[in-house]
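Sequence positions, counted from 1, serve as the residue numbers for this chain. This one's a predicted model, so the numbers in the text were calculated from it and none came from an experiment.
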Amino acid sequence: MRKVTSGLFISVDGVVQDPYRFQYDSFDAELGSGMTTWMARTDTVLLGKNSYLEWAEWWPAHPEDPFAQWINPIEKYVASTTLGDDLSWENTTRVPGDLDDFVRELRERDGADIAVTGSISVVRHLLFAGLLDELQLMVHPAVAGAGRKLFEPTDPPTRLRLVESTVTSKGNVLTTYAPFAA
C-alpha cells in the first residue's frame, strides 16, 4: 500500500501559512537534501483548492526552479467541491466525490508515495481521518507572529509518534511523525 505523506515548513510558533515570511536565510543544504529525498519517493500530489489556485499560477511560470521541475509534470489531484473539472495546470484532475474514499482508493493503486503539499486543511483532515501516514514538519528557527497555524484549538487530542528527527546546520529541526499505534 502506498503511503500518504505531508511535508510542511513551520515556524516555532506553529505558523505554516506563507513560509517565505519566516524562512529568512535558514533554508540550508540539509533541508534541501531532505526535500529532495521526499520528492524522489513521491509520484502523486494531493492539493487543496487554495494551494492549487496559488501554485497553478506560480510554478508553471518558473520552470527553471527545481521544485517547479518536479511539481509541474507530476500527477496532481485537487480536493475541491467548487472548482470545475477544467483545470489548466498540466496533469491535474479534481478529486471525484468523497476525499476519504478517493485517498483510500489511491493508496491501493500501484505507485510511489502520495504527497499532500501545502493545503493545510487537507493535511489536517487526512490526519484526523486516519489517512495520513507521515507528517514531516520542517521547523524554522523563527517566530512568524501571525498567520494560519496547522492545528486549531478545536482539534481533537491526537497522539503521534516520532519517526525521525534531525537538526540542520542553520538550526532547522526536521521531524517526521506517524500515527500513534496503541
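Ring orientation note: the planes of H140 and F9 are tilted relative to one another, at an angle of 30° to 60°. Using cut-offs of 30° and 60° for the angle between ring planes, the W58 and H62 rings count as parallel.
Evaluation of the salt bridge (Lys or Arg N to Asp or Glu O under 4.0 Å) test over residues 42-66, restricted to residues two or more places apart or in two chains, returns R2-D43. The side-chain hydrogen bond (donor to acceptor under 3.5 Å, both in side chains) pairs that include a residue from residues 146-157 are R124-D155, where partners are two or more places apart or lie in different chains. Sequence neighbours left out, the pairs with a member in residues 29-42 that pass salt bridge (Lys or Arg N to Asp or Glu O under 4.0 Å) are R41-D113, R41-E134. Sorted by first then second residue, the ring-ring contact (aromatic ring centres under 6.0 Å, His included) pairs that include residues 77-110, not counting sequence neighbours, are Y77-F102.
D133 meets the side-chain contact (heavy atoms from CB on, under 4.5 Å) test with K3, V4, R107; sequence neighbours excluded. Qualifying side-chain contact (heavy atoms from CB on, under 4.5 Å) partners for D98, counting only residues two or more places apart in sequence or in other chains: D100, D101. Annotation: salt bridge (Lys or Arg N to Asp or Glu O under 4.0 Å) contacts of R159 (sequence neighbours excluded): none. With sequence neighbours excluded, the residues forming a side-chain contact (heavy atoms from CB on, under 4.5 Å) with I10 are V16, L137, V139, listed by chain and number. Residues meeting the ring pair (Phe, Tyr, Trp, His ring centres under 6.0 Å) test with Y24, sequence neighbours left out: none. Every salt bridge (Lys or Arg N to Asp or Glu O under 4.0 Å) that E105 has, sequence neighbours left out, goes to R109. The ring pair (Phe, Tyr, Trp, His ring centres under 6.0 Å) check on Y52 picks up nothing, with sequence neighbours excluded. Residues satisfying the side-chain contact (heavy atoms from CB on, under 4.5 Å) test with A79, not counting sequence neighbours, are V95, L99, V122.
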